[in-house]
Amino acid sequence: MGDAVTPALALKDVTKSFGPIEVLHGIDFDLHPGEVHALIGENGAGKSTMMKILGGFLEPTSGQVLLDGAPAPFRSGPEAEARGVVVIHQEFNLAQDLSVSQNIWLGREMGRFFLDHKAMRHATQALLDQLECRVSPDARVHDLPVSDRQMVEIAKALSRNARVLIMDEPSAVLTSHEVQVLFRQIERLRAAGVALLYTSHRLEEVNHLADRITVLRDGAVVRRALRGELTEDCMATAMVGRDLKDIYPPRRSDFGPVVLEVADFAVPPLVEGIGFSLRRGEVLGISGLVGSGRTELAEGLVGLRPHTGTLRRNGAPVTLRSLSDAEDHGLAYLTEDRKERGLLLDKSLRENLTLSTLKRFGSPFLSREAEEAALGKAIQDFDIRAPKRDMAVGNLSGGNQQKLLLAKTMLPEPQIVIIDEPTRGIDIGTKSQIYHFIDRLAREGLSVIVISSDMPEILGLSDRILVMRQGRVAGVLEGAAITETAVVRLVMGTSESEKASENA
Amino acid sequence: MRNLSLSTLGPLAALILLIVLGASLNDNFLSAANITNVLARSAFIGMIAVGMTFVITSGGLDLSVGSMAAFVAGMVILAMNALQPQLGVGLPLALIGIGTALAVGLLAGLANGLLVTRVGIEPFIVTLGTMGIFRSLVTWLADGGTLSLDFAMREYIGPIYYGGIFGISWPIITFALVVVIGEIAMRHTRFGRYAEAIGSNDKVARYSAVRVERIRLMTYVFLGLLVGLATILYVPRLGSASGSTGLLWELEAIAAVIIGGTALKGGFGRVWGTVVGVLILSLIGNILNLANLVSPYLNGAIQGVIIVLAVVLQRKKTSAEGR
Amino acid sequence: MRNLSLSTLGPLAALILLIVLGASLNDNFLSAANITNVLARSAFIGMIAVGMTFVITSGGLDLSVGSMAAFVAGMVILAMNALQPQLGVGLPLALIGIGTALAVGLLAGLANGLLVTRVGIEPFIVTLGTMGIFRSLVTWLADGGTLSLDFAMREYIGPIYYGGIFGISWPIITFALVVVIGEIAMRHTRFGRYAEAIGSNDKVARYSAVRVERIRLMTYVFLGLLVGLATILYVPRLGSASGSTGLLWELEAIAAVIIGGTALKGGFGRVWGTVVGVLILSLIGNILNLANLVSPYLNGAIQGVIIVLAVVLQRKKTSAEGR
Amino acid sequence: QDDRTYVIGVSIPSATHGFMGGLNWHAQQTIARLEATYPQLDFVLATAGESAKQVSDIEDMLATRNIDALVVLPFESEPLTGPVKAVKDAGKFVTVVDRGLSVEGIEDLYVAGDNEAFGRVAGEYFKANLPEGAKIVILRGIATTLDNERVDAFEKAIEGSGIEVLDKQHGDWNRDKAFTVMQDYLSKYPQIDAVWAADDDMAIGAMAAIEQAGRKDEMWIIGGAGMKEIVKRIMDSDPQLPVNVTYPPALISSAIEMTALNFVSSTPVYGRFIIGSTLITPENAERFYFPDSPF
Ligand SMILES: Nc1ncnc2c1ncn2[C@@H]1O[C@H](COP(=O)(O)OP(=O)(O)OP(=O)(O)O)[C@@H](O)[C@H]1O
Ligand SMILES: Nc1ncnc2c1ncn2[C@@H]1O[C@H](COP(=O)(O)OP(=O)(O)OP(=O)(O)O)[C@@H](O)[C@H]1O
Ligand SMILES: O[C@@H]1[C@@H](O)[C@H](O)OC[C@H]1O
Ligand SMILES: [Mg+2]
Ligand SMILES: [Mg+2]
């Protein structure tokens with residue numbers, strides 16, 4: 001791709017400030033038709049901000065956006081969209097009360113005077129089929145799990161027939177199968193001459209997809225490269241600004257006694273017949289397809305969903321009717337749904353951090369100082385990058401929100417923590433920090449359950465892996481039996497996997 | 001039909017229970033005359049409630065509709081009385097009245113809508129303010145008393161309320177038309193779709209090129225027009241307007257909307273549900289008149305109990321979902 | 001202070017403007033007597049509005065408070081009249097009255113709260129229902145008329161409203177205390193923090209081990225208690241209760257809360273703002289009475305205009321943010 | 001007379017303030033008494049908080065209760081005129097109470113208080129008992145035609161007396177509202193010699209405000225309608241409440257009784273009965289004192 005071609009979309013010396021804080025400093029950038037351009041960088045580096053400027057959702061503080069070489073001061077996202085520039089946002093951008101089909105066609109409904117429901121439903125179905133997504137066009141978005149919501153977002157973007165498609169971490173909440181489907185679509189669009197901008201913290205995806213790579217650090221471009229010029233390690237180094245080695249900590253070996261025993265556990269309607277045990281100092285991974293019931297199991301275990309069966313904590317039977325019961329027994333849960341269940345987006349960092357542990361911050365009167373101190377510590381421990389401490393959490397970058405959520409979950413100092421998708425949207429450097437953090441916790445005597453759709457993560461982190469399929473335990477793998485193929489077989493449910501589960 | 005979910009079936013069941021109760025209390029309950037009465041008087045609040053459904057669905061609220069109805073009625077009467085010397089009693093004057101009602105309603109709705117969308121004040125405050133303003137204005141116009149239409153003219157336009165076609169009275173026909181149009185607008189036009197989208201998440205709607213402020217404005221204007229239409233039927237019935245005309249209609253209209261299953265927070269509108277809500281509220285009053293069940297002092301209590309019960313069925317679900 | 005953001009400064013500016021206006025219209029406006037009058041009469045709605053701030057902050061609503069106040073007052077009077085033959089006029093009977101007020105208020109709030117949290121009905125419907133029920137009950141208890149406290153006892157408890165300490169009357173002192181406690185509860189206790197969290201996103205609150213239903217219930221109970229407390233001050237004033245006691249207080253209390261900058265959708269509570277809102281509403285009435293600006297028929301219109309204007313300053317911002 | 005049952009519908013405004021409470025009470029008492037005395041009479045009572053609801057009530061009585069007669073106290077005159085006429089046109093016996101219809105000759109029987117006299121009698125007392133240059137304030141009722149009639153009559157009665165009306169705001173026949181308005185009058189006017197609170201509920205509110213301001217000795221108050229507590233104090237010669245003007249809520253009883261008489265006796269009943277407003281003084285107060293009534 002030579003420079004002779006006019007870029008479809010470009011930035012010229014763009015800066016962006018929120019109040020007094022400048023988060024983008026003089027960015028020059030261009031995006032060509034028929035290329036996949038990857039934008040990578042640490043959490044808070046400014047990727048989403050840059051994408052929003054390209055897509056017309058934010059105005060640059062200074063500098064220019066160029067469309068086909070001509071200045072294009074978009075006044076709004078829809079205006080940019082009308083000119084073929086479409087964005088898949090990092091945050092969900094769907095109306096929860098509306099159905100899948102209604103969301104996809106919002107603002108561009110079919111039908112002259114009356115809405116043509118049938119045509120829209122058909123077109124929706126076709127888009128979903130193309131994405132191998134099995135949700136019904138009439139399902140309410142409110143009722144969909146996050147991964148399906150993301151597929152709907154993608155379907156919505158595809159329906160726009162974009163010339164320029166900007167994707168802000170589209171794969172963060174997807175499973176590997178869905179990611180494959182997405183890749184096929186991206187390749188199809190590239191072949192059709194669409195200009196694609198892609199960001200992801202999964203560097204293997206970048207390696208696989210990108211024709212060009214732009215690395216952003218602290219709001220400035222620090223590296224530009226063509227396909228094949230950067231290894232994943234180099235990308236990580238360029239992003240973080242230092243060498244990263246040993247992303248995954250070594251496995252642990254000496255475990256304590258069983259701290260949690262689950263038998264005949266069911267979370268209606270999907271999950272049933274679950275039994276497993278968890279030892280002190282152990283990291284138990286739970287793997288499975290989307291919809292296999294991992295989240296439901298976890299939410300049942302911590303009392304967030306009605307459940308049946310027995311739970312033994314340190315040998316004694318316990319009933320956990322609510323999350324506070326669970327907390328009393330030293331359990332904590334980190335939700336996979338950061339926006340809807342994890343954080344109060346319009347509240348400050350402090351208020352979010354301490355929400356589930358307020359009791360510790362003074363009774364009857366809360367101590368602002370103690371809370372601030374806890375926040376200070378959390379910001380340090382979890383490397384949360386917030387331009388201002390009293391900003392609304394919704395304005396944090398996605399990865400930093402995730403880090404705050406992790407800090408919030410760990411604040412009660414649980415003995416058992418269930419982490420549902422721990423590193424969604426987290427940059428590689430921080431990811432590694434989190435893995436080592438989990439390892440340190442385990443070595444200090446905590447027990448950790450990690451639910452993850454990220455295969456390398458689950459393989460690299462777990463001492464044992466429990467695989468779920470259709471609401472049941474498909475098998476448990478331990479020690480040397482943990483291999484990618486073994487896990488995949490259990491996940492998919494081939495006959496070998498049944499044997500493997502018996503051996504396990 | 002997919003729209004007939006639990007949230008509409010709940011109030012529907014309550015409505016049917018009320019009808020059975022009424023029929024068992026009094027033989028005349030199901031007489032044509034009584035049914036006509038109940039439906040016709042539901043028409044005022046009913047049409048307003050249909051408009052209110054759109055306002056609430058898109059995340060708004062309008063507390064001013066009762067006072068607005070009084071104000072519109074006052075203006076209609078003033079206009080007709082002023083022009084009667086020139087035009088005489090007859091169709092032209094009636095048309096002037098109709099035109100005045102629609103125009104004043106539209107302008108009043110526009111005023112509310114502009115304050116909400118352009119000036120950016122909370123709908124609750126805007127319409128609380130205009131509620132006071134409209135009611136005050138009509139009291140002032142009436143010099144503290146009652147504005148009344150000339151009796152001859154009242155006789156002439158009486159058939160608008162009392163007359164009809166094929167034995168169905170005009171208010172019922174008009175109400176039915178408004179409901180059908182409302183239902184179509186909600187389910188099958190962009191207007192309704194956008195109202196739901198805005199109420200569900202206005203940022204998403206804005207990102208999808210929906211003209212959020214315009215649709216919001218339109219919901220208030222539409223409601224204002226319907227208040228005007230309701231007044232066209234109201235004036236022939238009572239022939240007058242005063243500071244107490246339309247008192248608490250806003251509460252009744254909002255209650256009908258919510259009973260019908262529309263979410264107060266917006267995002268979710270049910271025109272049919274609203275109709276059921278209006279009928280429930282009308283029937284409660286009718287049934288209390290059918291039999292001297294208790295001291296009239298307790299009517300309000302019975303009404304309260306039934307309103308709550310009517311919603312219990314339907315809400316069971318929501319609460320279970322919530323935990 | 002960081003809480004004194006634009007959203008409280010807006011109404012504060014409106015309040016100051018009103019005070020300047022009042023002082024320029026009438027020399028007695030700033031007299032101790034007038035200030036005492038305005039503050040004391042603000043106390044009822046004020047205390048209720050502080051409670052309402054919590055209910056609204058956590059995403060609820062209570063339309064029943066006005067009727068509840070009438071009902072509580074009625075029960076207090078009945079209880080005191082019934083026990084006066086045994087206990088005679090004196091402190092024990094006064095304490096019985098106080099106890100009755102708080103107990104009935106608490107139970108009434110509990111009823112609302114349980115219907116909202118346990119049965120899962122929308123607050124709007126629940127409290128619309130109980131609004132009718134409470135008002136009906138007091139009318140029924142009073143046989144349609146007025147329940148009056150025995151004259152001797154009224155004289156005895158009169159000082160609760162009219163008396164005071166250091167020249168400051170009890171209603172003002174109580175109101176001030178309620179405000180301070182409310183402010184502390186909102187800003188510096190778990191209760192307030194949870195109320196905001198629930199109003200902001202109740203699912204997140206539930207996933208943060210907040211006992212959502214319990215806190216919601218508590219906001220209604222707290223409001224009920226404050227209605228009881230307000231009634232303790234109300235009964236000594238005129239010694240009577242009837243079906244028209246507390247009429248439209250709910251609207252005034254909610255308006256005060258919203259004018260004060262609390263979001264109707266919940267998530268943000270401003271106790272200080274509510275106080276400013278209450279004072280604005282009281283002052284409008286006071287100024288209209290003190291100055292013969294216009295026909296009294298137009299009082300409602302002026303009130304409406306000022307309410308809207310009071311909010312314009314503050315909302316400018318929000319609307320700009322919205323796009 | 002035959003032995004069929006007659007149904008009499010009674011439609012009145014609901015008990016929103018003291019006077020109406022009294023009226024509601026008298027209506028119920030009378031109905032209970034008449035039903036006990038005359039087994040051939042059935043009554044249907046409905047109360048309404050606004051005109052449209054009252055019209056609905058009357059429609060319901062016609063459509064479902066087969067009434068033979070209607071006793072109606074119109075919430076407002078104008079809007080009720082047409083619907084009451086419809087009842088008359090359906091061949092029913094119609095009694096109108098207190099607030100007349102706006103078209104004459106519809107009703108068979110009219111029983112009313114005299115609003116003009118209500119204002120005039122009070123005004124005459126002011127004229128006779130205040131010196132020239134005296135300053136008074138007025139508390140008006142809810143903005144309605146009947147309130148206008150009263151206030152107009154009052155002002156006409158004091159014309160030429162040199163009495164100055166400082167202010168006339170609405171107290172809405174409500175104690176709390178009257179208390180507030182009176183407080184503000186007291187802040188505003190250093191000199192007030194007398195108060196006309198055109199309703200006893202308002203008089204009670206105003207008195208409390210005056211007492212609080214410690215200006216009890218400066219002014220007296222005339223209320224209206226003869227609430228029992230007020231009548232009692234007139235009996236006891238309270239200097240603050242020298243007199244009162246009657247407007248008996250019991251007029252509904254007369255109306256219902258006379259209507260009943262039309263069906264149970266052989267003499268037809270018709271005509272206009274105006275129950276005049278007279279001055280209650282310490283001398284005659286006992287005659288107007290009904291301790292059992294809620295009003
Ligand atoms: N509306 C806003 N107000 C204030 N600061 C903001 C706002 N939006 C973004 N920021 C700040 O701008 C910086 C860049 O954020 P951005 O979301 O672009 O990061 P990112 O590279 O997408 O990170 P991530 O990988 O975590 O998604 C962050 O420090 C963020 O907190
Ligand atoms: N909020 C919800 N409302 C309704 N149904 C839901 C909700 N969340 C999940 N489900 C349904 O429950 C089933 C199990 O979903 P769950 O989220 O537990 O799966 P999972 O294995 O955790 O997958 P994921 O990778 O998406 O986290 C799915 O069929 C899903 O559609
Ligand atoms: O309602 C009115 C009452 O308050 C007044 O005192 O007398 C006449 C009534 O109609
Ligand atoms: Mg981002
Ligand atoms: Mg999951």
Side-chain angles (χ1 to χ4, degrees), chain C residues 22 25-38 40-41 44 69-70 135-136 138-148 151 154-155 158 161-163 169 234 236-249 282 285-292 295-297 299-300, chain D residues 12 14-29 47 49 137 140 143 166-190 200-201 204-209 211-215 227-229 232-233 249 292-295:
Chain C
L25 285 176
N26 191 305
D27 295 340
N28 292 320
F29 178 74
L30 291 176
S31 68
N34 191 51
I35 292 176
T36 299
N37 285 346
V38 171
R41 73 173 76 132
F44 311 137
R135 195 162 290 293
S136 248
V138 70
T139 311
W140 180 67
L141 289 173
D143 240 342
T146 305
L147 288 166
S148 306
F151 198 75
R154 190 190 315 176
E155 292 278 280
Y161 183 80
Y162 297 105
S169 76
Y234 174 81
R237 186 166 97 168
L238 296 176
S240 62
S242 71
S244 66
T245 298
L247 214 59
L248 295 186
W249 282 9
S282 288
N286 183 242
I287 290 176
L288 288 174
N289 282 339
L290 287 183
N292 299 20
S295 153
Y297 299 139
N299 279 358
Chain D
I12 54 179
S14 45
T16 49
H17 58 282
F19 172 86
M20 275 308 166
L23 192 125
N24 271 257
W25 184 79
H26 283 293
Q28 291 183 58
Q29 295 293 308
T47 63
V137 291
R140 320 185 48 158
L166 294 169
D167 220 329
K168 42 175 185 178
Q169 301 279 347
H170 291 276
D172 294 351
W173 295 325
N174 176 301
R175 291 184 186 194
D176 293 311
K177 185 90 194 287
F179 177 86
T180 304
V181 173
M182 192 66 217
Q183 273 193 332
D184 291 344
Y185 280 165
L186 290 164
S187 307
K188 191 173 169 186
Y189 303 110
D200 284 341
D201 265 321
I204 297 223
M207 276 182 335
E211 179 166 347
Q212 177 208 11
R215 290 167 68 176
M227 179 189 287
K228 64 182 179 192
E229 287 87 353
K232 182 78 177 47
R233 285 171 73 169
D292 289 339
S293 155
F295 181 64

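Only this structure's heavy atoms are used, side chains among them; waters, hydrogens and symmetry mates stay out.
The candidate with the highest count of non-hydrogen atom pairs below 4.5 Å against chain D, out of C/G158, C/G239, C/S240, is C/S240. When each of D/P190, D/A15, D/A213, D/S14 is checked for heavy-atom pairs under 4.5 Å with chain C, D/A15 comes out on top.
Distance CZ/D/R215 to CE/D/M182: 7.5 Å, rounded to 0.5 Å.
Contact annotation for C/R237: both backbone and side-chain heavy atoms come within less than 4.5 Å of a heavy atom of chain D. The contact between C/L288 and chain D is made entirely by backbone atoms, counting heavy-atom distances below 4.5 Å. Contact of C/N299 with chain D is made through the side chain alone, with heavy-atom distances under 4.5 Å. Contacts between D/E211 and chain C at a heavy-atom distance below 4.5 Å involve the side chain alone, from C-beta outward. Within the 4.5 angstrom heavy-atom criterion, atoms from both the backbone and the side chain of C/N37 approach chain D. For D/N174, the part sitting under 4.5 Å from any heavy atom of chain C is the side chain, from C-beta outward, and nothing else. Of the two parts of D/K168, only the backbone, made up of N, CA, C and O, holds a non-hydrogen atom closer than 4.5 Å to a non-hydrogen atom of chain C.
Inspection of the D/D167 and D/Y189 side chains reveals an N or O donor paired with an N or O acceptor under 3.5 Å. Residues C/S242 and C/S244 have side chains that bring a donor and an acceptor to within less than 3.5 angstrom of each other. Side-chain contact check for C/N34 and C/N28: no donor-acceptor pair (N or O, by modelled atom type) lies under 3.5 Å.
Minimum interatomic distance between D/F19 and D/D201 (heavy atoms only, all atoms of both residues): N-OD2, 4.1 Å.
When the ring pair (Phe, Tyr, Trp, His ring centres under 6.0 Å) test is applied to C/Y234, the partners found at least two apart in sequence or on another chain are C/F44, C/W249.
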(request) Please lay out, stage by stage, how C/S282 and C/R41 fare under the test side chain to side chain donor-acceptor pair (under 3.5 Å). (result) CA-CA 8 Å; C/S282 288; C/R41 73 173 76 132; over 6 Å; no
